[in-house]
Structures are given as structure tokens and as C-alpha cells.
Amino acid sequence: MSPAQTLPCLDFGRVYRHLLEEYGPQGWWPADSPFEVMIGAVLTQNTAWRNVESAIRNLLQADLLSAEAILATPDDTLADLLRPSGYFNVKARRLKNLCRYISKTGYRETFDIPTGELRQALLGINGIGPETADDILLYAYERPVFVIDAYTRRFFSRLGLVSGNEGYEILRNRFETSLDATAAIYNEYHALIVWHGKEFCRSKPLCEGCTLRTTCGYAKK
DNA sequence: CGCCAGGGCCTCA
DNA sequence: TGAGGCCATGGC
């Protein structure tokens with residue numbers, strides 16, 4: 001733990017270095033394979049990660065960690081395994097939509113698709129929106145895209161770096177142009193934001209003890 | 001008990 | 001293109 005530092009002129013890069021120094025590398029995403037990352041990205045939509053974990057355990061136990069195995073499972077059976085993650089009927093459908101694309105293209109082959117093209121393909125799948133697509137691109141395919149999720153919006157808007165209600169692409173663009181980085185750095189940065197968001201920058205924030213409170217506009221109000 | 005959690009789709013102006 | 005309704009479980 002470093003002593004209280006001040007961040008005289010907040011910018012995306014400075015905040016990153018501060019969080020990294022404070023918390024250390026996170027080594028994300030919490031999964032054992034790229035395919036499991038993709039599953040998790042769909043299941044975590046508007047859902048606590050804890051609940052996603054138990055749904056993934058169910059899939060693992062049922063030996064359903066491949067696109068073909070999932071596609072061969074009846075909808076209601078799959079939905080039942082996904083129950084702990086919530087929205088289980090919707091997610092069963094979305095998971096199969098993703099698996100249809102993976103299986104049709106060939107799992108291995110998808111890793112050779114250029115980022116822009118792959119992103120468009122993912123966004124074309126019903127149930128895969130911008131955040132889920134970018135989770136998959138960054139954490140399963142290791143492409144240099146930054147993920148804008150609820151933690152990211154809340155964090156940077158409280159810091160005063162964005163207003164928070166900008167459109168997804170606006171925020172992503174602003175972020176990626178002001179911090180031109182590698183996939184490894186975007187990976188760490190987003191993971192650090194999520195950790196910080198769970199520990200301190202919750203929807204009901206715990207500003208005392210927050211390493212950024214001296215410069216965060218929200219904590220000082 | 002109510003609130004919240006690593007969204008996205010559909011509908012209707 | 002933007003707001004509102006909807007999907008649903010589990011922890012606190």
C-alpha cells in the first residue's frame with residue numbers, strides 16, 4: 001500500500017497507473033478457457049458474478065463446455081442449468097445464438113478473424129450487445145478494445161472524467177484514443193475498475209478508505 | 001422486505 | 001434515438 005497520493009491532473013492513464021500500483025495485477029478474466037469467457041460474458045449480463053459462477057459449474061458438470069454440446073442440449077434443459085444466473089430462458093437462447101455462430105464458423109477459425117470484422121459478427125448475434133461483444137473480444141480473443149460497463153461508467157463519471165450518459169461508442173472511442181494501449185493493458189485496467197467498483201465505488205459508495213477520495217469530485221462533494 | 005448485480009431486445013413514439 | 005417494459009436469481 002502506498003501512502004495517499006494526489007492525482008493533480010486526472011486522466012485515464014494516470015488513474016490506471018494509480019489503481020495498478022494500489023491493487024496490483026488482477027490476472028483476468030476468471031475462467032479456464034476462451035470459450036468459458038464467452039459463456040460468462042453472456043451469463044453476466046446485468047447479473048452478479050457469483051450467480052454466473054454457479055451456472056457455469058452446472059454447465060461444466062453436465063460436460064457442456066463446447067458450442068456443439070450446448071447446441072445439442074434441449075432449450076428447457078439448458079435453461080434449467082442456467083437458472084442460478086437469472087433470465088435463464090433469455091440466456092439459454094442467447095447462448096445458443098452465440099454457439100451457432102462459433103460452430104458454423106469453426107471455433108479455431110474465429111481466432112483468425114480481424115478485430116473489426118469479428119466485432120461486427122458478434123454484434124450481429126441476437127443477444128450480444130456492445131458490452132458483451134467487447135468482453136469477448138478483449139478477454140477471449142485478446143484484442144485491444146476497452147469494455148464500457150456499469151462499473152466503468154460509474155467510476156469515471158464520479159471522477160469527473162465523463163458525464164456518464166454518453167452513448168457506448170462515444171465513451172469507448174474517447175477512452176481508446178486517450179489511452180492507446182495493448183490488450184494486456186486494457187485487460188488489466190478494466191479488471192482493476194471492476195475490483196475497485198466492488199470494493200469501494202459501489203452504487204452506494206464507500207468513499208472513506210477509497211484511494212482516490214482526495215481527488216475524486218464525488219467524494220469531495 | 002427492497003435494492004442491486006460486470007445488458008440487451010422489443011415496442012412505440 | 002430515446003424512454004420504458006421486460007427478462008429472474010441470489011445476497012445483503
Side-chain angles (χ1 to χ4, degrees), chain A residues 15-16 19 23 26-32 34-59 61 75-101 119-143 145-159 162-173 175 183 186-206:
Chain A
V15 171
Y16 170 62
L19 291 180
Y23 300 135
Q26 302 298 296
W28 254 32
W29 172 294
D32 292 328
F35 186 71
E36 195 181 318
V37 171
M38 301 179 199
I39 304 293
V42 172
L43 297 188
T44 199
Q45 290 172 355
N46 201 37
T47 301
W49 181 251
R50 181 197 300 37
N51 293 2
V52 176
E53 283 182 312
S54 74
I56 290 181
R57 269 197 302 275
N58 289 345
L59 293 178
Q61 245 176 339
D75 289 358
D76 54 337
T77 305
L78 182 58
D80 201 53
L81 295 169
L82 299 182
R83 181 173 292 274
S85 74
Y87 308 126
F88 48 85
N89 289 311
V90 175
K91 286 175 178 174
R93 209 164 46 237
R94 292 181 179 178
L95 215 44
K96 280 201 171 184
N97 292 341
L98 173 60
C99 287
R100 253 186 295 278
Y101 168 73
R119 188 166 203 274
Q120 287 316 304
L122 291 170
L123 290 176
I125 299 169
N126 186 293
I128 308 283
E131 303 189 25
T132 307
D134 287 342
D135 275 336
I136 292 173
L137 286 170
L138 178 58
Y139 290 105
Y141 291 101
E142 301 179 10
R143 308 301 171 86
V145 302
F146 196 79
V147 177
I148 308 295
D149 63 3
Y151 286 126
T152 310
R153 284 178 188 277
R154 190 167 68 205
F155 178 60
F156 287 123
S157 84
R158 281 178 178 165
L159 281 177
V162 304
S163 77
N165 54 4
E166 297 93 335
Y168 187 92
E169 292 303 325
I170 303 289
L171 277 181
R172 190 169 73 94
N173 259 304
F175 198 96
Y186 286 148
N187 176 324
E188 269 305 324
Y189 202 164
H190 179 63
L192 286 163
I193 290 170
V194 172
W195 171 257
H196 182 71
K198 284 178 174 170
E199 292 299 305
F200 297 103
C201 207
R202 308 176 176 178
S203 78
K204 254 181 92 68
L206 305 175

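Throughout, a chain's letter reflects where its sequence line sits, starting with A, and its residues are numbered from 1. Computed from a predicted model, the values in this text were never measured in an experiment.
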Indicate, with a heavy-atom threshold strictly under 4.0 Å, whether [X] touches base, sugar-phosphate, or nothing.
| X | value |
| --- | --- |
| A:Arg154 | sugar-phosphate |
| A:Trp195 | nothing |
| A:Lys198 | base |
| A:Arg94 | base |
| A:Ser85 | nothing |
| A:Gly86 | base |
| A:Ile193 | nothing |

*In dot-bracket notation, what is the pairing pattern of DNA chain C, taking Watson-Crick (N1-N3 plus N6-O4 or O6-N4) and G-U wobble (N1-O2 and O6-N3) contacts under 3.5 Å, with [ ] crossing and | for other strands?*
|||||||.||||

_Same-atom distance (P) from B:dC3 to C:dG5, integer angstrom_ = 15 Å

*P-based separation of C:dG10 from B:dG8 [nearest Å]*: 23 Å

_Are A:His190 and A:Thr152 packed together at the side-chain level, in the sense that at least one heavy-atom pair is separated by less than 4.5 angstrom?_
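Yes, side chains in contact.
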
*asked:* Set out, in order, the CA-CA distance, both residues' side-chain angles and the distance that settles side chain to side chain donor-acceptor pair (under 3.5 Å) for A:Asn97 and A:Arg100, then state yes or no.
replied: CA-CA 5 Å; A:Asn97 292 341; A:Arg100 253 186 295 278; 2.9 Å; yes

_Taking the basic N atoms (NZ, or NE/NH1/NH2) and the acidic carboxylate oxygens, is any pair closer than 4.0 Å for A:Arg50 and A:Glu53?_
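No, A:Arg50 and A:Glu53 are not salt-bridged.
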
